[in-house]
Amino acid sequence: MIGKNSLIRFDHLTRDAGIPALIALKIFLGGAFDYIAYVTGLTKITLKDFVKVNILAGIPSTFLMYLIFLYSKDITSGLIISYLVGIALTIFWVIFNHKTKHQ
């Protein structure tokens, strides 16, 4: 399902970004992390590290989604807000991470 070139690029990205990137993606993207988890299983990340990511980031991710849906007027607006928040926080994290690595 995934081309060899895509897998090579993702493996390179995970080596460069490391475990903190997976933690940020788990927290900020919530359910969309399932797609990342699928590809991550095909890379050189250890099962132990992957379990750590899911445990460490799963709790804040669940709490963030709880707060979003608690204050949303309905499920549709909650879903839209959760994806917008996820995208915004992911972009913020990528910019912050890039600036700290290249200073």
Side-chain angles (χ1 to χ4, degrees):
M1 289 181 71
I2 297 175
K4 187 176 182 178
N5 289 337
S6 297
L7 185 59
I8 289 170
R9 274 189 254 139
F10 190 80
D11 196 35
H12 179 74
L13 175 66
T14 56
R15 274 186 273 136
D16 285 351
I19 301 298
L22 290 176
I23 291 172
L25 291 171
K26 174 72 176 175
I27 292 171
F28 302 147
L29 294 182
F33 184 78
D34 292 343
Y35 301 108
I36 296 165
Y38 171 73
V39 176
T40 303
L42 301 174
T43 63
K44 295 178 183 176
I45 189 171
T46 64
L47 179 62
K48 182 179 177 180
D49 286 339
F50 187 70
V51 169
K52 284 181 191 176
V53 166
N54 279 290
I55 291 172
L56 289 175
I59 294 168
S61 174
T62 302
F63 184 69
L64 180 64
M65 290 303 119
Y66 171 75
L67 289 177
I68 289 171
F69 282 98
L70 179 67
Y71 294 107
S72 298
K73 67 178 182 174
D74 56 30
I75 193 163
T76 304
S77 62
L79 287 171
I80 292 169
I81 292 168
S82 69
Y83 279 112
L84 291 176
V85 167
I87 290 167
L89 291 175
T90 301
I91 290 170
F92 171 77
W93 183 85
V94 167
I95 292 169
F96 175 77
N97 188 43
H98 179 73
K99 284 185 177 186
T100 57
K101 281 190 175 187
H102 296 286
Q103 282 185 354

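Throughout, residue positions are numbered sequentially from 1 according to the sequence presented. For clarity, every value in this text was computed on a predicted model and none was experimentally measured.
No more than 12 heavy atoms of other residues, nucleotides or ligands sit less than 6.0 Å from atom CD1 of Ile75.
At least one donor-acceptor pair under 3.5 Å links the side chain of Ser82 to the backbone N or O of Leu79.
Contacts of Leu67 classified as side chain to side chain contact (heavy atoms under 4.5 Å, CB included), with partners at least two apart in sequence or in another chain: Phe63, Tyr71. For Ser77, the side-chain hydrogen bond (donor to acceptor under 3.5 Å, both in side chains) partners at least two apart in sequence or on another chain are Asp74.
With a 4.5 Å cut-off on side-chain heavy atoms, Asp49 and Val53 do not count as touching.
Other members of the cluster containing Ile80 are Leu84, with ILVMFWY side chains joined at under 4.5 Å, either directly or via other members.
To the nearest 0.5 Å, atom CD1 of residue Ile81 and atom OG1 of residue Thr76 are 10.5 Å apart.
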